[in-house]
**Q** 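What follows is a single structure, and I will ask about it in a moment.
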Amino acid sequence: MGPKLLQKKGKETTYSLRLLPIGGYVAMEGEQTDSEDPRSFRAKPPWQKGIIILAGATVNLLTGVLLITILLSQQTLISTPVVKQVSPGSASAVQGLQAGDRIVSVDNHRVFTALDASYYMGSNPDRTVNLMVRRAGGDTLIADYRVPEKFDFKVAGVKPTFGTVSKYAWLNSASMARVVWDSLGGLIKGQYSIRDLSGPIGTIQIMSDTTKGALKSADWYYLLELWALLAINIGVFNLIPFPALDGGQFFFIILEGIRRKPVPENVQAAFNSIGMSLLFLLMIVVTVSDIAKLT
């Protein structure tokens, strides 16, 4: 983004390298300015505009699914939310958790994967949750289950076949998307502070540390998992119905379909300017926080 450093015009597309490496964009013919070209963005019906606007976020989400598919296909077993073993005399055993239990929900959050279970059990501030498990065909509530500091039970796994990899690639991707969405909600509610966020500097630091660990151990699992989380994070974030994001543009397109005419350009421009200003302000605050963590 920012001022142009280099620019090259192709047959119909102008490519440019810009000063600020904090993001990129594609500006289509007729997206931001008037155009008489019948192929321009503004000449398209709302349903086609919607497909175009959602394409970027969709590709990010599918990239995450692809990376998780690669990860799961390389594993010996794929973790499931079924309890395989509970350590005898452990806190979980005393509280009633048994081998064979399928964790159905944690504090009314449905559980589909082992990631769901570990996230919702670990993210509760006081580490006390209501655990619903399926046992012998019926559901059993373990009320006020005190989550141990270290999990004292093991979950069962399934062998990676075409069916199980396909199933859990989508389920684990959806679980990651839920984590991102819930984290954003937690930020708004005050459950997390601005220091818990990472911007470009913090993300690069995390990627660097993870890459060094992967090179040292020759184990690329956590690096690929981080790439998948970043891809899904970007996809989910861009779908938020906030001005200047793809989700905000999609909201305007929905209004266009309802009203049978586009939202006035000056209204869209005003909302997008406000949204972009707020996003840049957030970027600055998060970047300062990232620098403070490094010092």
**Q** Indicate yes or no: at least one non-hydrogen side-chain atom of Leu131 is less than 4.5 angstrom from one of Asp101.
**A**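 Side-chain contact under 4.5 Å: no.
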
**Q** Surrounding CZ of Phe271 (heavy atoms of other residues, nucleotides or ligands, distance under 6.0 Å), is the total greater than 12?
**A**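 At most 12 heavy atoms, drawn from other residues, nucleotides or ligands, come within 6.0 Å of this atom.
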
**Q** Establish whether Ile234 and Leu226 are linked, either directly or via other cluster members, by ILVMFWY side-chain heavy-atom contacts under 4.5 Å.
**A**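 No, separate clusters.
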
**Q** Nearest 0.5 Å, what's the CG-CG distance between Leu5 and Leu20?
**A** 9.0 Å

**Q** Quick one: CG on Asp116 to CZ on Arg110, what's the gap to the nearest 0.5 Å?
**A** 10.0 Å

**Q** To the nearest 0.5 Å, how far apart are CD1 in Ile232 and CZ in Arg178?
**A**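 It is 13.0 Å, given to the nearest 0.5 Å.
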
**Q** Any idea which heavy atoms bring Met121 and Tyr145 closest together, and the distance?
**A**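 Reported closest heavy-atom pair: CE-CE2, 3.5 Å.
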
**Q** How long is the span from the NZ atom in Lys167 to the CG atom in Asn172, to the nearest 0.5 Å?
**A**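 If we round to the nearest 0.5 Å, Lys167:NZ and Asn172:CG are 11.0 Å apart.
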
**Q** Go through the side-chain N and O atoms of Asp144 and Gln95 and say whether any donor and acceptor fall under 3.5 Å apart.
**A** no

**Q** Answer yes or no: is there a side-chain heavy-atom contact under 4.5 Å between Ser175 and Tyr119?
**A**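 Answer no - side chains too far apart.
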
**Q** Might you confirm whether atom NZ of Lys9 has over 12 heavy atoms from other residues, nucleotides or ligands at distances under 6.0 Å?
**A** yes

**Q** Checking Asn108 against Asn130 for the side-chain contact (heavy atoms from CB on, under 4.5 Å) test, could you report, in this order, the C-alpha distance in whole Å, the side-chain angles of both residues, the deciding distance, and whether it holds?
**A** CA-CA 8 Å; Asn108 294 321; Asn130 289 320; over 6 Å; no

**Q** Between Leu61 and Ser173, is there a side-chain heavy-atom distance shorter than 4.5 Å?
**A** no

**Q** Answer yes or no: does atom CZ of Arg146 have more than 12 heavy-atom neighbours from other residues, nucleotides or ligands under 6.0 Å?
**A** yes

**Q** Which residues pass the salt bridge (charged side-chain N to carboxylate O under 4.0 Å, His left out) test with Arg42, sequence neighbours left out?
**A**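 Partners of Arg42 by the salt bridge (charged side-chain N to carboxylate O under 4.0 Å, His left out) criterion, ordered by chain and then number, come out as Asp34, Glu265.
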
**Q** Look at the side chain of Arg102 and the backbone N and O of Pro81, then say whether any donor-acceptor pair between them is shorter than 3.5 Å.
**A** no

**Q** Tell me whether Val83 is reachable from Phe151 by hopping between hydrophobic residues (I, L, V, M, F, W, Y) whose side-chain heavy atoms are closer than 4.5 Å.
**A** yes

**Q** We want to know whether Ser92 and Asp152 form a side-chain donor-acceptor pair, criterion being a heavy-atom distance below 3.5 angstrom.
**A**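 Checked: Ser92/Asp152 side chains pair up, N/O donor to acceptor below 3.5 Å.
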
**Q** Is any side-chain heavy atom of Leu17 closer than 4.5 Å to one of Lys4?
**A** no

**Q** For residues Pro38 and Ala43, report the shortest heavy-atom separation together with the two atoms involved.
**A**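 Taking every non-hydrogen atom into account, O-CB, 3.5 Å.
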
**Q** Supply the members, apart from Trp47, of the Ile/Leu/Val/Met/Phe/Trp/Tyr cluster built from side-chain contacts under 4.5 Å; use none for a lone residue.
**A** Ile51

**Q** Hey, mind stepping through Val155 and Lys84 against side-chain contact (heavy atoms from CB on, under 4.5 Å) and telling me if it holds?
**A** CA-CA 5 Å; Val155 296; Lys84 178 182 180 181; 5.8 Å; no

**Q** Within a radius of less than 6.0 Å around CG of Asp37, do more than 12 heavy atoms belonging to other residues, nucleotides or ligands occur?
**A** yes

**Q** If you compare all heavy atoms of Ala57 against all heavy atoms of Asn238, which two are closest, and at what distance to 0.1 Å?
**A** CB-CB, 4.3 Å

**Q** Going from OG1 on Thr80 to CD1 on Ile103, what distance comes out if it is rounded to the nearest 0.5 angstrom?
**A** 9.0 Å

**Q** Here's a test for you: under side-chain contact (heavy atoms from CB on, under 4.5 Å), which of Thr164, Leu77, Val165 qualifies with Lys159?
**A**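 Testing each of Thr164, Leu77, Val165 against Lys159, the sole residue satisfying side-chain contact (heavy atoms from CB on, under 4.5 Å) is Leu77.
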
**Q** Would you indicate whether the side-chain heavy atoms of Pro160 and Ile78 approach each other to under 4.5 Å?
**A** yes

**Q** Can you name the nearest heavy-atom pair linking Ser90 to Ser87, along with the distance?
**A**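 What the structure gives for the nearest pair is OG-O, 2.6 Å.
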
**Q** Evaluate the side-chain proximity of Val236 to Asn60: yes if any heavy-atom separation is below 4.5 Å, no if none is.
**A** no

**Q** Is there a continuous path of hydrophobic side-chain contacts, each under 4.5 Å between heavy atoms, that joins Leu54 to Trp181?
**A**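 Same cluster: Leu54 reaches Trp181 through Ile, Leu, Val, Met, Phe, Trp or Tyr contacts under 4.5 Å.
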
**Q** Can you get from Ile68 to Val180 by hopping between Ile, Leu, Val, Met, Phe, Trp and Tyr side chains that sit under 4.5 Å apart?
**A** yes

**Q** In terms of heavy-atom contacts, does CZ of Phe251 have more than 12 from other residues, nucleotides or ligands at under 6.0 Å?
**A**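 No, because the 6.0 Å sphere around CZ of Phe251 holds 12 heavy atoms or fewer from other groups.
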
**Q** What heavy-atom pair brings Arg127 and Gly122 nearest, and what distance separates the two atoms?
**A** NH1-O, 3.8 Å

**Q** For a quick test of reading the model, state the closest non-hydrogen atom pair linking Ile53 to Asp246 and the distance between them.
**A** CG2-O, 3.3 Å

**Q** Any side-chain to backbone donor/acceptor pair from Arg259 onto Lys261? Under 3.5 Å, distance only.
**A** yes

**Q** Just wondering, do Asp107 and Tyr120 contact through their side chains at under 4.5 Å, heavy atoms?
**A** no

**Q** Can you tell me how far apart OG1 (Thr13) and NZ (Lys8) are? Round to the nearest 0.5 Å.
**A** 12.0 Å

**Q** Do Trp170 and Leu115 belong to the same hydrophobic cluster, where Ile, Leu, Val, Met, Phe, Trp and Tyr are linked whenever their side-chain heavy atoms lie under 4.5 Å apart, directly or via other members?
**A**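 Cluster IDs for Trp170 and Leu115 differ.
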
**Q** Would you check if Leu67 and Thr63 make a side-chain contact, meaning some heavy-atom pair closer than 4.5 Å?
**A**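 They are in side-chain contact.
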
**Q** Would Met28 and Lys49 satisfy side-chain contact (heavy atoms from CB on, under 4.5 Å), going step by step from the backbone distance to the final call?
**A** CA-CA 11 Å; Met28 290 168 283; Lys49 290 180 181 177; over 6 Å; no

**Q** Taking it one step at a time, do Glu12 and Arg39 satisfy side-chain contact (heavy atoms from CB on, under 4.5 Å)?
**A** CA-CA 12 Å; Glu12 291 187 316; Arg39 299 178 303 157; 2.8 Å; yes

